[in-house]
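Below you'll find the structure, written out as structure tokens, and then a few comments.
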Amino acid sequence: MKKEYDFLIVGSGLFGSVFAQCAIEHGKRCLVIDRRNHTGGNTYCNRIEGINVHTYGAHIFHTSDDGVWKYLNRFVSFNNFINSPLANYNGELYNLPFNMNTFHQLWGVRTADEAKRKIAEQQGEYAGIEPQNLEEQALQLVGRDIYEKLIKGYTEKQWGRKATELPSFIIKRLPLRFIYDNNYFNDKYQGIPVGGYNALTGKLLEGCDIMLNTDFLQHRAELTAKADTIVYSGMLDAYFDYRLGNMEYRSLLFDTKTLNTANFQSNAVINYTSADVPFTRIIEHKHFEFGTQHHTVITIEYPMKWKKGREAYYPVNDAANDRLANEYRILARKEANVIFGGRLADYRYYDMDQVIRKALDAAEQALNTGR
Ligand code: UDP
């Protein structure tokens, strides 16, 4: 018997929404379900005082993938926001990412050669070695001063473990530059969707049936019966009832306040890099969209241990978790008529553009479109 839907899409974040858009465009029938009371996954914004508040943490879109950029621009345009966060270390302010402004603020150096000499002096025994963990990688890249002031405290709060117990790739997400340039990303394109992320995901989901407040894992049998193929973007280990054990994730607590002032911190993102401050960053949402409202909304972000019942925001891709993820991936490949994708189902620290690329590729494969 023909089922009601071609695709049951579990999770309406970017993976699910992009997949759904491609499927609808090819005449497929899609049911999108989400456990939350809204669509958009972690890109979802709550509108407070006319300000788009990034409910689940700051989302700044950036990519060098022409295909992804072109695809998104079919649905929204982007403003010209460039992320230039500051680091506050015990009251001292430094520019991020690590660039000539940071080096000048720290050491008074003015030229790239002077900065490189300073870093070389501080690399010590880590120069030229193959770094075994985040601490060694950071010391090798930027030397001890930057590591102590701008990396160690932030990283250990963020991940809840010693920098010596974290994979080195995490710190390589940040650019290191010997020019005066505070752009946090090296990508070709950057910005925030005009009208906010809800405008984007709303358009991507046009034409789908949507069921909110619906947890796939609690109603698996009846939901599965509705569609030929499932597109699953939830947690990989949860899909398999944790039968091989739990992978680790990092959670966050967001403390959001509306303030009766037009401008709280003069920047969208300020990181608090000292271990003595319990939060990692403060986001002032209006600055993502150059807001001119009389009020402002800020979110103080506290990293938290993940446990069942909390939101999983980051996979912890160390060797042990990756080994377990690989075992789950073997199970996933054997699962007939289920497509897994997104940060949680792939258990990878993807940026938004990587999720979109994966969804476009998965849709192309599933729909045989040869895009
Ligand atoms: N990081 C740091 N100091 C900072 C900002 C970032 O040491 O002020 C490190 C930290 O280990 C963090 C990683 O760089 O987990 C990646 O930072 P990114 O801003 O990419 O993290 P996200 O925005 O995804 O939380």
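When a ligand or atom number is given, it counts from 1 through the structure's own listing order.
- The closest heavy-atom contact to atom 21 (O) of ligand 1, among the options F185, Y94, Y349, comes from Y349.
- In summary, R161 and E248 engage in a salt bridge, as defined by a charged side-chain N under 4.0 Å from a carboxylate O.
- Set against the non-hydrogen atoms of I151, the atoms of ligand 1 under 4.0 Å away are 7 (O).
- The aromatic rings of Y56 and H38 are tilted relative to each other, their planes meeting at an angle between 30° and 60°.
- R220 forms a cation-pi arrangement with Y239, by the criterion of a distance under 6.0 Å to the ring centre and an angle within 45° of the ring axis.
- Protein heavy atom nearest atom 20 (O) of ligand 1, with residue, atom name and distance: R173 NE, 2.8 Å.
- When heavy-atom distances to ligand 1 are checked against a 4.0 Å cut-off, L150 comes that close only through its backbone atoms N, CA, C and O.
- Annotation for ligand 1: atoms under 4.0 Å from non-hydrogen atoms of Y184 are 5 (C), 6 (C), 17 (O), 18 (P), 19 (O).
- For atom 1 (N) of ligand 1, the nearest protein heavy atom (residue, atom name, distance) is Y154 CD2, 3.7 Å.
- Of all protein heavy atoms, the one lying nearest to atom 10 (C) of ligand 1 is T155 OG1, 3.3 Å.
- Distances below 4.0 Å separate heavy atoms of T273 from the following atoms of ligand 1: 8 (O).
- Using cut-offs of 30° and 60° for the angle between ring planes, the H54 and H59 rings count as tilted.
- Summary of contacts: the protein heavy atom closest to atom 9 (C) of ligand 1 is I171 CD1, 3.6 Å.
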Requested in this report: Go through the steps for N83 and H62 under the test side-chain hydrogen bond (donor to acceptor under 3.5 Å, both in side chains), then give the verdict.
Outcome: CA-CA 10 Å; N83 191 28; H62 56 97; over 6 Å; no
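- Near I170, with a cut-off below 4.0 Å to any heavy atom, the atoms of ligand 1 are 11 (O), 13 (C), 15 (O), 16 (C).
- A salt bridge between R357 and D353 is absent, with no side-chain N of the basic residue lying under 4.0 Å from a carboxylate O of the acidic one.
- Under a 4.0 Å heavy-atom criterion, R281 is in contact with ligand 1.
- Remark: R35 engages E311 in a salt bridge, criterion side-chain N to carboxylate O under 4.0 Å.
- Looking only at protein heavy atoms, the nearest one to atom 14 (O) of ligand 1 is L174 CD1, 3.3 Å.
- Less than 4.0 angstrom separates some heavy atom of L96 from each of these atoms of ligand 1: 8 (O).
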| field | CA sep, side-chain torsions, deciding dist, call: Q190, N183, side-chain hydrogen bond (donor to acceptor under 3.5 Å, both in side chains) | value | CA-CA 10 Å; Q190 186 172 169; N183 183 347; 3.0 Å; yes
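- With ring centers used as reference points, F81 lies 6.0 Å or more from F61.
- Numbered from 1 in the order shown, with element, the atoms of ligand 1 that lie under 4.0 Å from a heavy atom of Q158 read 15 (O).
- Cation-pi check for R29 over F7 is not met; the charged atom does not lie both under 6.0 angstrom from the ring centroid and within 45 degrees of its normal.
- For ligand 1 and Y314, the ligand atoms under 4.0 Å from any heavy atom of the residue are 22 (P), 24 (O), 25 (O).
- Side-chain heavy atoms closer than 4.5 Å link hydrophobic residues (I, L, V, M, F, W, Y) into clusters, and following such links, possibly through other members, connects F240 to Y232.
- Protein heavy atom in closest approach to atom 15 (O) of ligand 1: W159 NE1, 2.8 Å.
- Per-residue contacts place N271 under 4.0 angstrom from the following atoms of ligand 1 (heavy atoms of the residue considered): 4 (C), 5 (C), 8 (O).
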